[in-house]
Structure formats: C-alpha cells, structure tokens
Chemist: 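I'd like to ask you about the structure that follows.
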Amino acid sequence: MSSQEITRGIEEFELDIAMTYVDSSVRAMPLYEERYVLLTPVDEEIADRPVARWADVAALPLCLLTTKMRNRRILDSVFADAGVQPVPVIEADTVATLWAHVATRKWSSVIAHAWLQMFGTPEGMRVVRVEDPQRVPRIGLVVGEQASMLARAMLRLTRGLDVRGELDRLLHKHLDRRDL
C-alpha cells in the first residue's frame with residue numbers, strides 16, 4: 001500500500017495499525033530512521049567504494065519504485081538536493097518486483113536498508129552505503145485516534161524492541177560481505 005492508502009485506511013478504521021513513514025497527520029511510534037544503500041552488480045566500478053555519492057548513483061542504469069510510492073518521491077528529493085535527477089530504466093510498483101529486476105544483475109537500485117531484512121542481497125550484487133541525505137525519513141507504527149485493542153497491544157510489544165539496532169546490525173552484515 002502507498003503511504004497515502006495507509007493513512008486513509010487508518011483514518012477510515014479499515015486498518016488497526018500500520019508501518020509507514022511517520023508524519024504529523026496520524027498518531028505514530030517512530031521505530032527507526034531510513035538509511036539508503038545501493039544494490040549494484042559486483043562488476044560495477046562503484047561496487048568497490050565504501051560510500052557512493054548520489055551524483056554517481058544517478059548516472060547508473062537504475063531500477064526504482066514508481067513516483068506513486070513515497071519512497072521514490074523521497075529519493076527524488078534526495079537526488080535533487082545533490083543536484084541530480086535519476087532517469088530509471090525500469091520502474092516497479094512493489095519492492096518484490098524491484099528485487100526481481102535487480103537480481104538479473106543488469107541494473108542497480110537505491111533501497112531502504114530495512115528491505116535487506118526481507119530480501120537479502122541477490123547473488124552477484126553488492127551493497128554499498130550511499131552518503132547520508134540532508135533529511136532522513138523516520139519509519140514507525142501508526143494508529144488512528146481510536147486505537148483498537150489489537151493496535152494498543154502491538155504498540156506495547158513494540159516498545160521493548162530495538163528495531164533500529166537490529167537493522168543497523170543487519171546493514172553492517174551486508175556491507176561487510178565481499179565474498180560475492
């Protein structure tokens with residue numbers, strides 16, 4: 001679901017709780033700050049860099065989410081802050097589709113580090129940290145004004161978790177892999 005669909009679902013009581021970009025329009029519990037990494041074929045020159053610059057990433061043959069997705073709109077603003085505009089070869093409307101294209105090792109993509117938890121690093125690809133953007137979006141759990149019993153229970157469970165720390169450990173694991 002897009003972040004707009006999630007917000008609407010929360011406001012119309014169709015959703016009890018959701019994980020999305022945190023903004024001021026709904027009640028939220030921030031969990032972590034989104035970080036960006038480049039997934040790129042191991043034979044790309046940029047694959048051996050410790051940190052990629054946004055301008056260099058924009059010059060790659062990219063596969064990105066569509067502009068309907070908030071993640072893409074955020075990335076477009078980060079690229080603009082760096083004075084460049086990416087022109088993706090492929091646009092996908094789901095992260096799974098994005099991963100399927102990137103796994104062919106023909107394209108690179110800028111992804112949120114949390115996606116590594118679900119999808120991992122495709123064979124023949126390398127994870128490269130991208131320089132920190134000027135603004136870092138926060139991800140969290142959102143609930144409506146009238147939080148359901150399920151939503152309240154989920155918020156209680158989540159308070160004891162170190163999501164940020166777990167994602168940081170995962171990111172470092174993927175950044176340290178040089179055996180591909």
Side-chain angles (χ1 to χ4, degrees), residues 1-7 9-10 15 17-40 46 49-58 60 62-86 88 92-96 98-99 102 108-121 125-144 147 151 154-177:
M1 298 177 81
S2 71
S3 57
Q4 293 168 338
E5 291 170 324
I6 290 170
T7 300
I10 291 287
L15 299 173
I17 191 166
M19 194 162 118
T20 189
Y21 292 96
V22 173
D23 59 30
S24 60
S25 65
V26 292
R27 290 179 32 198
M29 175 197 285
L31 296 174
Y32 64 92
E33 294 79 30
E34 195 163 67
R35 296 188 183 163
Y36 301 110
V37 295
L38 174 69
L39 265 182
T40 195
I46 202 167
R49 295 184 191 173
V51 178
R53 293 181 34 234
W54 289 101
D56 296 332
V57 172
L60 295 170
L62 292 174
C63 180
L64 298 174
L65 290 173
T66 68
T67 56
K68 289 183 178 181
M69 304 301 286
R70 187 160 179 194
N71 172 268
R72 170 62 184 282
R73 293 190 307 271
I74 290 169
L75 286 177
D76 283 349
S77 72
V78 171
F79 278 113
D81 288 345
V84 294
Q85 180 179 2
D93 61 358
T94 68
V95 175
L98 183 78
W99 234 261
V102 170
S108 298
S109 187
V110 177
I111 61 159
H113 74 302
W115 296 347
L116 292 169
Q117 172 67 30
M118 182 178 292
F119 295 101
T121 304
M125 300 295 285
R126 174 105 7 105
V127 176
V128 179
R129 191 171 74 79
V130 183
E131 63 189 350
D132 293 332
Q134 295 175 6
R135 294 163 289 189
V136 181
R138 293 183 309 156
I139 305 296
L141 295 176
V142 295
V143 298
M154 184 69 167
L155 290 171
R156 278 193 304 276
L157 284 170
T158 306
R159 280 189 186 98
L161 300 177
D162 181 17
V163 176
R164 179 182 296 127
E166 286 299 316
L167 289 174
D168 284 349
R169 285 185 278 285
L170 175 71
L171 176 59
H172 290 293
K173 177 182 134 187
H174 284 273
L175 289 173
D176 291 341
R177 289 185 63 185

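Position 1 is the first residue of the sequence, and the numbers go up from there.
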Chemist: Give the C-alpha distance, both sets of side-chain angles, the deciding distance and a yes or no for side chain to side chain donor-acceptor pair (under 3.5 Å) between Glu34 and Tyr32.
Modeler: CA-CA 6 Å; Glu34 195 163 67; Tyr32 64 92; 5.2 Å; no
Chemist: Measuring from atom OG1 of Thr7 to atom CD of Glu5, what distance do you get when rounded to the nearest 0.5 angstrom?
Modeler: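 Reported value, rounded in 0.5 Å steps: 10.0 Å.
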Chemist: In this structure, which one of Ile111, Leu39, Leu38 forms a side chain to side chain contact (heavy atoms under 4.5 Å, CB included) with Val127?
Modeler: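 Output: one option passes, namely Leu39.
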Chemist: State plainly whether the residues Glu33 and Arg164 are in salt-bridge range, i.e. N to O under 4.0 Å.
Modeler: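 Yes, charged N to carboxylate O under 4.0 Å.
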Chemist: Walk me through whether Ile139 and Val163 qualify under side chain to side chain contact (heavy atoms under 4.5 Å, CB included).
Modeler: CA-CA 10 Å; Ile139 305 296; Val163 176; over 6 Å; no
Chemist: Can you tell if the side chain of Met29 reaches within under 4.5 Å of the side chain of Arg159, non-hydrogen atoms only?
Modeler: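 Counting from C-beta outward, Met29 and Arg159 do come under 4.5 Å.
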Chemist: Can you list the steps and then say if Asp56 with Arg53 is a salt bridge (Lys or Arg N to Asp or Glu O under 4.0 Å)?
Modeler: CA-CA 5 Å; Asp56 296 332; Arg53 293 181 34 234; 3.5 Å; yes
Chemist: Nearest 0.5 Å, please: how far is CE in Met19 from CE in Met1?
Modeler: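 Here the interatomic distance stands at 14.5 Å.
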Chemist: Check for a donor-acceptor pair, side chain of Ser77 on one end and backbone N or O of Ile74 on the other, with a separation under 3.5 Å.
Modeler: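 Yes, Ser77 side chain to Ile74 backbone: donor-acceptor pair under 3.5 Å.
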Chemist: Give a yes or no answer on whether the side chain of Trp115 reaches the backbone of Gly120 with a donor-acceptor pair at less than 3.5 Å.
Modeler: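 Side chain of Trp115 to backbone of Gly120, a donor-acceptor pair under 3.5 Å: no, none is there.
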Chemist: As an exercise, state the distance from CG of Leu60 to OG of Ser109, rounded to the nearest 0.5 Å.
Modeler: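 Leu60 atom CG to Ser109 atom OG measures 10.5 Å (nearest 0.5 Å).
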Chemist: Could you pull out all donor-acceptor pairs under 3.5 Å where a side-chain atom in residues 128-135 meets a protein atom, sequence neighbours excluded?
Modeler:
unit_1, atom_1, unit_2, atom_2, d
Glu131, OE2, Trp54, N, 3.0
Arg135, NH2, Asp81, OD1, 3.2
Arg135, NH2, Asp81, OD2, 2.5

Chemist: Is there side-chain contact between Tyr21 and Arg70, with heavy atoms separated by less than 4.5 Å?
Modeler: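 With C-beta onward as the side chain, the pair touches.
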Chemist: Between Pro30 and Val22, which heavy-atom pair has the shortest distance, and what is it?
Modeler: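 Looking at all heavy atoms of both residues, the shortest contact is CA-CG2, 4.3 Å.
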Chemist: Could you state the interatomic distance from CZ (Arg126) to CG (Leu175), rounded to the nearest 0.5 Å?
Modeler: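 Here the interatomic distance stands at 10.5 Å.
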Chemist: In plain terms, say whether Arg72 and Asp93 are close enough for a salt bridge, that is, a side-chain N and a carboxylate O under 4.0 Å apart.
Modeler: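 No salt bridge links Arg72 with Asp93.
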Chemist: Rounded to the nearest 0.5 Å, what separation is found between the CG atom of Leu31 and the CG atom of Asp162?
Modeler: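 Spacing of CG (Leu31) from CG (Asp162) equals 10.5 Å.
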Chemist: Within the structure provided, determine whether Met154 and Thr158 are in side-chain contact (heavy-atom separation under 4.5 Å).
Modeler: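 They are in side-chain contact.
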Chemist: With side chains defined as the heavy atoms from C-beta onward, is the minimum distance between Val37 and Val110 less than 4.5 Å?
Modeler: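 Of all side-chain heavy-atom pairs linking Val110 with Val37, none is under 4.5 Å.
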Chemist: Can you name the closest pair of heavy atoms from Leu98 and Cys63 and give their distance?
Modeler: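 The pair with the smallest heavy-atom distance is CD1-O, 3.2 Å.
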Chemist: Could you tell me the separation between the CG atom of Leu141 and the CD1 atom of Ile17, rounded to the nearest 0.5 Å?
Modeler: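 Between atom CG of Leu141 and atom CD1 of Ile17 there are 4.5 Å.
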Chemist: Can you find a pair of side-chain heavy atoms, one from Leu171 and one from Arg35, that are under 4.5 Å apart?
Modeler: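 Yes - at least one pair of side-chain heavy atoms lies under 4.5 Å apart.
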Chemist: Might you point out which heavy atoms bring Arg27 and Gly144 nearest each other, and give the distance in Å?
Modeler: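 Closest approach of Arg27 to Gly144, heavy atoms only: NH1-O, 3.4 Å.
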Chemist: Please report the shortest heavy-atom distance between Ser108 and Thr40, naming the atom on each side.
Modeler: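 So the two residues come closest at OG-OG1, 2.6 Å.
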